[in-house]
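Here the structure is laid out as structure tokens; the discussion comes afterwards.
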Amino acid sequence: MDATNIIATAIRARWAVGAVFFVNGFLTGSWAPQIPVFLTRLGISEFTLGLLILLFGAGAITAMTWCGHLISHYGSRPVVRWFGAIGAFGLLVVAAAPNLPLAALAMFLFGGLIGGMDVAMNANAVEVEKRLGRAIMSSSHGFWSLGGFAGGGLGGIAIQTYGHLAHAAAVTAVALAVMAWALPRLIAEPKALAHQHHKFTLPKNPLIYLVGLVALFSMVPEGAVLDWAALYLKQELGADLATAGFAFAFFAGTMAVVRFLGDAVRNRFGAVTTLRVSSLIAAAGMLVAGLSPWPWLAIAAFAFCGLGVANMVPIAFSAAGNQPGTSPGAGMSVVTTMGYSGLLVAPSAIGFVGERTGFGPVFIALSGLLVVVCLMAGLARTADFAPAQPAE
């Protein structure tokens, strides 16, 4: 294969993996407007709903751990195809569940499909980065944010107009259509690399777990803003409900924009410098949000925080997939599992603490966590790489 065809194939794969990120975000975002209908339809309490959402997280983390073995044995491309094709039906299965036991099973499976797809698509993005010799991870996560925005923004209107089952069916159809275009265009690791780790074991390199801590400390603040910023603005700063909703919206909006610009920044300044500056920006925003006496200052501070958080997790994932002596699948499995634990599990503990101390002190404390990421930024050195030699 000549150099021109190799580059063209890698560029197509770059857009294909971006489309997979979009679908994963679209499915996740489309679940959010289904939640009120889900609660009413099954006649369950908020406490029971919380347990079901925790099952979603448990399914995701379980699959993330197991997915590393599949990637080590088969490579990332087949695993993306398996989880992507089946995962498109995840929301429809949840929406169709007729009772609580089947809903619990559906939530666990939906979480597992989304989580497994997440690990595999991040591992495939690392391979595309190697082929292109430049970063694409931040913009790939930008596609995820765009999919989440589309799913969450359109879902409520669709459910109100056509019903929750029709909405879930339409989401499935869109996901399948995008996957039908994207999956054939994904690239695979070189055969020798994809098949040299038949037996999956947890990495022995301690650095991979430190990179996992970077991902964890980066995603805990994201989960805190997602779940508790609106309540903080409403209960502690006196904002009305409409204004309180802008906290996460502005945070997510700045994050999505920066993720599409983040690869160019990282290619220009390097992963270590980008992570160090990003974490300090995020820490400053979180600190001001926690100290703010006014709702709109807090909203602006959360938006500023989003500017920094945007690039942190993509850099950690690239560092995980490029650890010397560790297969990309194993490294990605460990780091995504640790990172998403911060997004899926930590907010419960944050709510417990915030209920007793208020959320202002919690956000101040989280700014300290982001400073720790700054101090650990040297671990991101492996996210920078020389262009790989093309496979024959």
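As a basis for the values below, the full set of heavy atoms in this structure was taken, side chains included, without hydrogen atoms, waters or symmetry mates. These numbers were taken from a predicted model, which means no experiment stands behind them.
Atom CG of residue L275 and atom CG of residue L379 lie 9.0 Å apart, to the nearest 0.5 angstrom. We find the CG-CZ distance between L307 and F251 to be 10.0 Å, quoted to the nearest 0.5 Å. Rounding to the nearest 0.5 angstrom, the gap separating the CG atom in L280 from the CG atom in L287 is 12.0 Å. Rounded to the nearest 0.5 Å, atoms OG (S367) and CG (L291) are 8.0 Å apart.
The nearest pair of heavy atoms linking A271 to A383 is CB-CB, 3.7 Å. Residues S76 and N124 approach most closely at OG-ND2, 3.0 Å, considering heavy atoms.
A side chain to side chain donor-acceptor pair (under 3.5 Å) with R266 is found for exactly one of S318, S138, S278, namely S318.
Checking side-chain atoms of S292 against main-chain N and O of V288 turns up no donor-acceptor pair under 3.5 Å. The closest donor-acceptor contact from the side chain of H164 to the backbone of F38 lies at 3.5 Å or more, if one exists at all. The backbone N or O of A182 sits nowhere less than 3.5 Å from a side-chain atom of R185 that would complete a donor-acceptor pair. Within the 3.5 Å criterion, the main-chain N or O of I136 finds a donor-acceptor partner in the side chain of E129.
Using a 4.5 Å heavy-atom cutoff, the side chains of F83 and C67 are in contact. L27 places a side-chain heavy atom less than 4.5 Å from the side chain of V23. Two residues are said to be in side-chain contact when any heavy atoms from C-beta on lie closer than 4.5 Å; L92 and V171 fail this criterion. For the pair W144/T28, a side-chain contact is recorded, criterion being any heavy-atom separation below 4.5 Å from C-beta on.
Within a 6.0 Å radius of CH2 in W296, other residues, nucleotides and ligands contribute more than 12 heavy atoms.
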Legend entry - Test ring pair (Phe, Tyr, Trp, His ring centres under 6.0 Å) applied to W82 and Y74, step by step: CA-CA 11 Å; W82 299 336; Y74 299 105; 5.2 Å; yes
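Here the two rings, on F302 and F250, have centers that are 6.0 Å apart or farther. Outside the 6.0 Å centre-distance limit, the rings of F56 and F108 are not counted as a close aromatic pair.
For residues 101-123, every residue pair satisfying the side-chain hydrogen bond (donor to acceptor under 3.5 Å, both in side chains) rule, not counting sequence neighbours, is listed here: D118-N122, D118-Y340, N122-H141.
Residues R259 and S139 have side chains that never bring a donor and an acceptor to within less than 3.5 angstrom of each other.
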